[in-house]
Structure formats: C-alpha cells, structure tokens
Amino acid sequence: MPAVPSKKLYIKTYGCQMNVYDSARMADVLAPLGYASTEDAAEADFVILNTCHIREKASEKVYSELGRLRRLKDKGAAEGRRVIFGVAGCVAQAEGAEMVRRAPMVDLVFGPQTYHRLPELVARLDGGARGLVDTDFPADSKFDRLPEESAPDGANRGPAAFLSVQEGCDKFCSFCVVPYTRGAEFSRPVADIVAEAQRMAAGGTREITLLGQNVNAYHGAAPDGATWGLGRLLRRLAEIEGLARLRYTTSHPRDMDAELIAAHRDEPKLMPYLHLPVQAGSDRVLQAMNRKHTAEDYRRLVGALRDARPDLALSGDFIVGFPGERERDFADTLRLVTDVGYAQAYSFKYSPRPGTPAAGVAEQVPEEAKSERLAALQQLLGEQQLAFNRAKVGSRMSVLLDRRGKRAGQLLGRSPWMQSVPVAAPARLLGTLAEVEIVEAHANSLIGRVVTTGDEGHTGDLSESDTEAA
Ligand code: SAH
Ligand code: SF4
Ligand code: F3S
C-alpha cells in the first residue's frame with residue numbers, strides 16, 4: 001500500500017534502549033498511514049512521548065512536559081489542524097486511564113506491548129474517538145504484528161542499531177518497576193531475529209546491539225526445534241555477512257551461562273564490552289534487593305568472563321542508600337568496585353517506586369547519607385573510567401564511524417569498548433570501520449586519528465585535502 005507521506009510524526013524518547021528501539025518501530029508502524037518522521041515538534045501532526053518510569057517523579061515530569069507541549073495542540077487547532085498527542089512507554093503503562101483523566105489533551109495512551117495496534121487506534125481517533133487507552137499485555141506478541149521496516153533497502157537504521165530480542169522481566173528486584181511496566185519475560189523466535197538482522201545488514205547496519213530488559217535470559221524457539229540461549233543466537237548472527245560487530249544489553253549476572261561466556265571467547269564479532277549491573281557489593285543488601293546472587297558470585301563470574309576474553313571491559317549499575325544499607329555495606333560496594341574495575345558505570349541514589357516491595361520498608365536511608373555515598377562511589381568510578389581511557393592512548397583500535405561530529409570534517413565513532421571516538425575524516429567514511437590511533441583520552445571520549453580505512457581495504461593517511469566538510 002504505497003502512501004505519500006503527508007503528515008508529520010514527532011517522537012520524544014526517554015529511558016532505556018528498548019524505548020529507542022520501540023520508537024523506531026512506532027515510526028515504521030505509522031509510515032504506511034502517511035506519517036513521516038520529523039525532529040521538529042512544532043510541525044508535527046502526531047506527537048508521541050515514549051516515556052520511562054525508572055526515575056523519581058517520572059509521571060510528574062511527563063505531566064509537566066505535556067503542559068509545555070500543549071501550545072502545539074492549540075497552534076495546530078488555530079491552523080485548522082488536529083495535532084494528536086500520544087503517551088507511550090512505561091509511564092503510560094503504569095498510569096493508564098489516569099493519564100487521560102489528569103491530562104485531557106492526551107488523545108492516546110498505549111503501552112510498550114500494544115504499539116502494533118497504532119493503526120486501529122489512529123483510525124478510531126480519526127473517527128472522532130478521544131482519550132483512548134490501550135495498556136494490555138496482549139496474548140499475541142507485537143513482534144508478530146509489526147510490519148517489516150519501512151525503508152525499501154531493508155531496515156535502514158544506521159551503521160549501529162538496536163534489535164529487540166527479549167522483553168520483560170521475571171526477576172522482581174525489590175526496587176524495580178520494570179516487571180510491572182514491561183510484563184513477563186518473552187523471547188522472540190530465532191528465525192525472526194535472524195531475518196530482521198539480515199535486513200538491517202542489507203540496509204548498511206554494521207553493528208547490532210541485541211536488546212532485552214534481561215537480554216541474557218533469552219531462550220528463543222529455533223528452526224531446529226530446540227530452544228536457543230543468547231550465546232547460540234549470537235553465534236548464528238555472527239554468520240551474517242556485512243555485520244561486523246555484535247553487542248547485547250542488559251544482562252543479569254544470574255543468567256550468564258557457560259555458552260554465553262564461551263561466545264565471548266570464540267566469537268571475534270562479539271565486542272569486548274559488557275554491561276553487567278551488580279547494584280551493590282554487600283550480600284545483605286543484595287539479598288534484600290532480591291538480586292539472587294552474592295558479591296562473590298559476581299566476582300567469580302567476572303573472573304570467568306575475563307579468562308574467556310582478557311580485554312573485556314565492564315560496565316555496571318549501582319544503587320546506593322537502599323533501605324537498610326549501613327556504612328559497612330556501602331564499604332563492601334566500594335571494595336567490589338575496586339576489585340572488579342569498571343570502564344564505565346551508572347550509579348543512582350535509591351528512590352522508592354510506589355508498588356515495589358522496597359518502597360514499603362521502614363528503614364529508609366537518610367538523604368544526606370545517600371548523597372555522601374553516591375559522591376564517594378562516583379569519585380571511584382570516575383577515576384577508573386579515566387584510567388581505562390588513558391591506558392588506550394598510543395594504541396590502535398578498530399572504530400565504527402557511525403555518526404557525524406559537531407564540527408565540519410569530523411566523524412564520531414565507537415571503540416570496541418564503547419567510548420566515543422571523534423576523528424577527522426571525510427563524510428564518505430560514515431558507516432565504515434577504520435583503524436584509529438588514540439592520541440588523547442578524556443573522561444567520556446578518546447580522541448583518535450584515522451590510520452587505515454579498513455573496510456575498503458585501502459590504506460594511507462587521510463590528508464587535510466581529503467577531509468571534506470561534513
Ligand atoms: N534491566 C536492567 C536495568 C533496569 S533499570 C537490569 O536489570 O540491570 C536500570 C537501572 O536503574 C537499574 O540497574 C538500577 O540500577 C536503577 N534503578 C532501578 N530502579 C531504581 C530505584 N528504585 N532507585 C534507584 N535506582 C533504580
Ligand atoms: Fe529490574 Fe531487576 Fe528485572 Fe533488571 S533484573 S529489570 S533491575 S527487576
Ligand atoms: Fe524506563 Fe521502561 Fe526502560 S521504565 S528503563 S523505559 S523498561
């Protein structure tokens with residue numbers, strides 16, 4: 001059904017990479033209805049906020065954002081245009097009908113598992129309906145209902161892109177909303193994932209990050225009748241020609257099985273970087289968090305991974321000030337961080353999420369102690385990150401040049417270990433892998449110099465004259 005894009009779609013995405021993936025797929029679902037994506041909210045006919053519920057006051061922030069965007073609706077109305085407002089994602093899932101009650105300007109509330117139904121929902125809006133809410137967890141998976149990507153040359157999602165393979169979570173860490181907003185664990189069948197990855201490779205994607213809330217719990221039905229884990233799936237995807245790099249996120253320490261560890265040893269396309277959240281270093285706290293692993297389990301696991309892949313860099317998530325956390329528990333966290341050594345990490349103060357078990361615990365940690373602990377932890381993590389980056393100065397590495405830089409003649413790439421690497425390079429190298437020498441290290445980036453443009457097999461320094469304005 002060829003449709004001429006006549007309307008504009010603006011999606012603002014919050015939260016994790018799963019939301020980034022979902023937003024891209026919402027655009028695919030809406031393309032046949034004539035919606036073309038825009039970066040400019042002011043010209044949009046359809047505005048979607050794809051929300052995240054993980055941080056404090058997440059819902060309140062969505063309501064204020066809606067308040068700010070209201071003028072777009074009024075402006076559209078003044079021009080005789082109806083601007084549709086949709087709220088998607090995890091706040092939508094959690095708030096449901098409350099959202100249209102509190103913000104009547106919202107036309108549509110839909111959850112992470114129902115956006116494949118957007119065409120029906122939009123048709124109902126076009127027919128005059130208002131305030132529609134669809135936050136089911138339908139029995140039919142959205143993945144079976146989503147159209148193939150809209151780009152004619154396959155999934156044209158850029159040189160480095162996400163692919164959702166798993167959703168939901170059955171772990172129920174006592175602080176976390178995700179099991180409630182994303183629902184139960186679900187794995188897509190192998191054949192669907194392979195087909196999507198092949199389309200992405202055909203469209204020029206060189207690096208795929210497999211996504212799941214609990215991605216290493218993946219257990220998908222395979223064409224051979226067996227159930228494959230993530231290690232097996234990665235090995236299959238590595239066979240796809242054109243794909244140069246694979247990653248996956250986010251993993252739970254409990255689901256890191258032998259096959260997946262072996263994939264880190266055997267599969268060169270699997271990048272030597274792993275986001276493996278531990279949250280805390282004290283067994284008391286880990287137990288209260290319902291994490292289902294000890295600090296020692298985690299240390300042993302990291303040891304096994306580094307035996308398999310000695311240059312593996314780790315990233316993590318940490319929560320300080322979990323209810324009942326004492327100074328000596330926090331000292332255990334610092335010790336674990338010192339022992340493991342992180343290349344990068346996220347750390348948060350614990351904040352109660354209504355409806356989660358930890359929120360009701362009496363023994364909450366005072367705000368001041370949380371702030372002190374967070375500062376101490378971030379200091380240590382920051383030092384580790386800078387030390388990791390500095391150790392790369394003078395070395396050469398393969399960098400995927402996946403986006404344009406801010407300056408003319410500059411491209412930005414990703415190192416194997418996820419650092420951003422700005423280099424001077426002509427725009428024609430966008431989407432290719434280059435051999436880069438690191439000349440300078442910062443906290444959040446490695447400054448590089450292109451040595452060889454590996455992909456095309458030709459070598460030579462890129463002189464200034466070869467560097468066209470991007
Ligand atoms: N599925 C992933 C990430 C979940 S949310 C995982 O299991 O690791 C991302 C991070 O947000 C978590 O790892 C945790 O560190 C943090 N987080 C989640 N709920 C939180 C809360 N109530 N307070 C503070 N941090 C939280
Ligand atoms: Fe949340 Fe824990 Fe599941 Fe991660 S594993 S999504 S932190 S419940
Ligand atoms: Fe946020 Fe939902 Fe992702 S709560 S972190 S957008 S799963």
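Please read all numbers here as calculations on a predicted model, not as lab measurements. One-based numbering, in listed order, for ligands and for the atoms of each.
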### Task
Have a look around atom 3 (Fe) of ligand 2 and list protein N/O/S atoms under 2.8 Å, or say none.
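Metal shell, protein only: Cys169 SG.
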### Under 4.0 Å to a heavy atom of Phe175 - the qualifying atoms of ligand 2, by number
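That gives atoms 7 (S) of ligand 2.
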### Glu363 with Arg326: basic N within carboxylate O range, under 4.0 Å
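No salt bridge links Glu363 with Arg326.
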### Query
Are Asp332 and Arg284 ion-paired here, with the side-chain N under 4.0 Å from a carboxylate O?
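No, Asp332 and Arg284 are not salt-bridged.
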Please say whether the positively charged group of [X], taken as NZ for Lys or CZ for Arg, lies over the ring of [Y], i.e. under 6.0 angstrom from the six-membered ring centre and within 45 degrees of the axis.
X	Y	value
Arg55	Phe348	yes
Lys12	Tyr10	no
Arg102	Tyr63	yes

### Query
For the residue pair Tyr342 and Tyr298, does the interplanar ring angle fall in the parallel (under 30°), tilted (30 to 60°) or perpendicular (over 60°) class?
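Rings of Tyr342 and Tyr298: parallel, under 30°.
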#### Entry: Stepwise salt bridge (charged side-chain N to carboxylate O under 4.0 Å, His left out) check, Arg182 with Asp22
CA-CA 12 Å; Arg182 289 271 165 175; Asp22 287 342; 3.0 Å; yes
### Query
Just one of Val177, Leu49, Thr51, Asn50 clears the side chain to side chain contact (heavy atoms under 4.5 Å, CB included) bar with Val91, so which one?
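Filter result, single survivor: Thr51.
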### Query
Which residue, Asn290, Ile54, Ile319, forms the side chain to side chain contact (heavy atoms under 4.5 Å, CB included) with Cys176?
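Running side chain to side chain contact (heavy atoms under 4.5 Å, CB included) over Asn290, Ile54, Ile319 with Cys176 returns exactly one hit, Ile54.
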### Task
Measure distances from atom 2 (Fe) of ligand 3 and count the protein N, O or S atoms below 2.8 Å.
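Total protein N/O/S atoms under 2.8 Å from atom 2 (Fe) of ligand 3: 1.
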### Task
Can you sort out the partners of Lys171 under side-chain hydrogen bond (donor to acceptor under 3.5 Å, both in side chains), two or more places apart, ordered by chain and number?
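Applying side-chain hydrogen bond (donor to acceptor under 3.5 Å, both in side chains) to Lys171 gives Asn214, Asp255.
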### Message
Between Arg247 and Glu207, is the salt bridge (charged side-chain N to carboxylate O under 4.0 Å, His left out) condition met? List the steps.
### Response
CA-CA 8 Å; Arg247 305 179 187 275; Glu207 173 178 309; 2.9 Å; yes
#### Entry: Within the 4.0 Å heavy-atom sphere of ligand 1, strictly under, residues
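Residues Ile54, Arg55, Phe175, Gln213, Thr250, Pro277, Gln279, Asp317, Ile319, Phe348, Lys349, Tyr350, Ser351, Arg353 each place a heavy atom under 4.0 Å from ligand 1, listed by chain and number.
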